[in-house]
There are 2 protein chains.
Amino acid sequence: MEQRIELAVSTVIFALRPHPVSGRDTLWLPLVRRIREPFLGRWALPGGPLEPAEDLAASARTTLRRTTGLEPSHLEQLYSFGGIDRSPDRVVSIVYWALVRPDEDARAIDGENVEWFVADEVPDLAFDHNDIVEYALRRLRAKITYSDIAHAFTGEEFTIAQLREVHEAVRQVRLDPANFRRQTLANPRIVPTGRHLTGTSHRPPALYRLETP
Amino acid sequence: MEQRIELAVSTVIFALRPHPVSGRDTLWLPLVRRIREPFLGRWALPGGPLEPAEDLAASARTTLRRTTGLEPSHLEQLYSFGGIDRSPDRVVSIVYWALVRPDEDARAIDGENVEWFVADEVPDLAFDHNDIVEYALRRLRAKITYSDIAHAFTGEEFTIAQLREVHEAVRQVRLDPANFRRQTLANPRIVPTGRHLTGTSHRPPALYRLETP
DNA sequence: GCAAAAGTGTTTCAATTACACCCATGT
DNA sequence: ACATGGGTGTAATTGAAACACTTTTGC
């Protein structure tokens, strides 16, 4: 008698929203309340079984649309978890993590049993999902320092300060505006659009965009 | 009617051996000749179906022992591949990569239909395994620059030159011995054992070991 | 004019690189 | 003694960090 191994795809979805207490931008993520055993009633990462006709990334996208109604601006495989003690029945989870833009985020329509939490303050989750969230956070915070993923949180056009605020929110640090500006503009792919952001109560900052090579 | 999704674990196994032409140390990996369709007769990464009672990493270890007869000094998950066009039947592969020590490597007994190849000169492989090997090589070469995995290629005790030769072999570069030495010894976890390597035709180099914290 | 953030300049400090030179051993 | 790699010293270059200062807008 052969035991069946379940194959599921889950996604850690990050968005930037103001922290309920401090008001400063922080990472949030949506969780889904389980309506079945095991872990009935507990919060868990959105996900579902892998459909035979569906790509791994496509499956993550489907989950993302179902829970947030949005397209991810960044989607990346995180890790595959297959410990034999993760769940009463053997299940291997391929986990993705995704970033969604705050401007689109406003348009988000949460599905049933979906609720957003501050990423660093999630409750006790089902399965090993607390470990997974922690791992995803570490990866995001590491990767933003050496890659372009911060732009997945900005619009097409952005000011240097907006980009800096993304870094500050994700990494939970304060960065020197002058030095950040220089280091950012050292990247030749970041070019000024010529336009400026208006409506600020001070000097209007220049708008830039990321050249797609 | 439900289509079954196969779940397999494959491993890219690296060892350092002298290059057949240049004689300098290079990365090698073992491949297995397929004895079944699809891709019958083609070389492929060692691997097999995931057993219900087996951990993902344990499955990789089993494969490693079967093909090389050795224990890995380093084993790490690489990526999971699940494209719907990878194979006629739908198969999701969770791929690991492993490093084995050269001293142990000498003890290796190759299984049937197993042959070692220079990692940068592998033939046309089955499935998408050429892509996977390339990806594993990139990861290894990137990771050796910021982590301790080089030690997975040295013995318990090592000279600074031996460690440098590992870096040079993996990254295919020449490194300044003086600077490499300083940067290496800047790591407080690398401590002298007090012993020296004898039998060289020149000044006997000091032996070090990596403190396990 | 004043506040506030944009944007520029400058000084300091640490890390990397290149390379000259001395040391200890086998032959 | 001399060839060879081990090991040390040091000047030049680069980049990160800290911070003073000027600019441009809304009010």
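No experiment lies behind these values; they were computed from the predicted model shown.
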Polar atom pairs between nucleotides 16-20 of chain D and protein, under 3.5 Å, N or O only, would you list them?
unit_1: D/dA18; atom_1: N7; unit_2: A/N179; atom_2: ND2; d: 2.8
unit_1: D/dA18; atom_1: N6; unit_2: A/N179; atom_2: OD1; d: 3.3
unit_1: D/dA18; atom_1: N6; unit_2: A/R182; atom_2: NH2; d: 3.2

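- The side chain to side chain contact (heavy atoms under 4.5 Å, CB included) search around A/R164 returns A/A161, A/E168, A/L175, A/P177, A/F180, not counting sequence neighbours.
- Looking at residues two or more places apart in sequence or on another chain, you find no salt bridge (Lys or Arg N to Asp or Glu O under 4.0 Å) involving A/D131.
- Evaluation of the salt bridge (Lys or Arg N to Asp or Glu O under 4.0 Å) rule for A/R66 yields no partner, not counting sequence neighbours.
- Across the protein-nucleic acid pair, B/R181 atom CZ and C/dC22 atom P stand 18 Å apart, rounded to whole Å.
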Quiz: residues 205-213 of chain A side-chain donor-acceptor pairs under 3.5 angstrom, not counting sequence neighbours:
unit_1: A/Y208; atom_1: OH; unit_2: A/R181; atom_2: NH2; d: 3.4
unit_1: A/R209; atom_1: NH1; unit_2: A/E211; atom_2: OE1; d: 3.1
unit_1: A/R209; atom_1: NH2; unit_2: A/E211; atom_2: OE1; d: 3.4

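- Residues passing the side chain to side chain donor-acceptor pair (under 3.5 Å) test with A/E76 are A/H74, A/K143, sequence neighbours excluded.
- Contacts with DNA chain D (heavy atom under 4.0 Å) in residues 158-172 of chain B: B/A161, B/R164, listed by number.
- Relative to the six-membered ring of B/W116, B/R17 meets both conditions, a distance below 6.0 Å and an angle of at most 45° to the axis.
- Applying the side chain to side chain donor-acceptor pair (under 3.5 Å) test to A/S80 and every residue at least two apart in sequence or in another chain returns B/S80.
- When the side chain to side chain donor-acceptor pair (under 3.5 Å) test is applied to A/R65, the partners found at least two apart in sequence or on another chain are A/E71.
- Scanning residues 185-208 of chain B for heavy-atom distances under 4.0 Å to DNA chain C yields B/T200, B/S201, B/H202, B/R203, B/P204.
- Rounding to whole angstrom units, CZ of residue B/R174 and P of C/dC19 are separated by 15 Å.
- For A/R182, the side chain to side chain contact (heavy atoms under 4.5 Å, CB included) criterion is met by A/A178, A/N179, not counting sequence neighbours.
- Listed by chain and residue number, nothing satisfies the salt bridge (Lys or Arg N to Asp or Glu O under 4.0 Å) test with B/D55 (two or more places apart in sequence, or in another chain).
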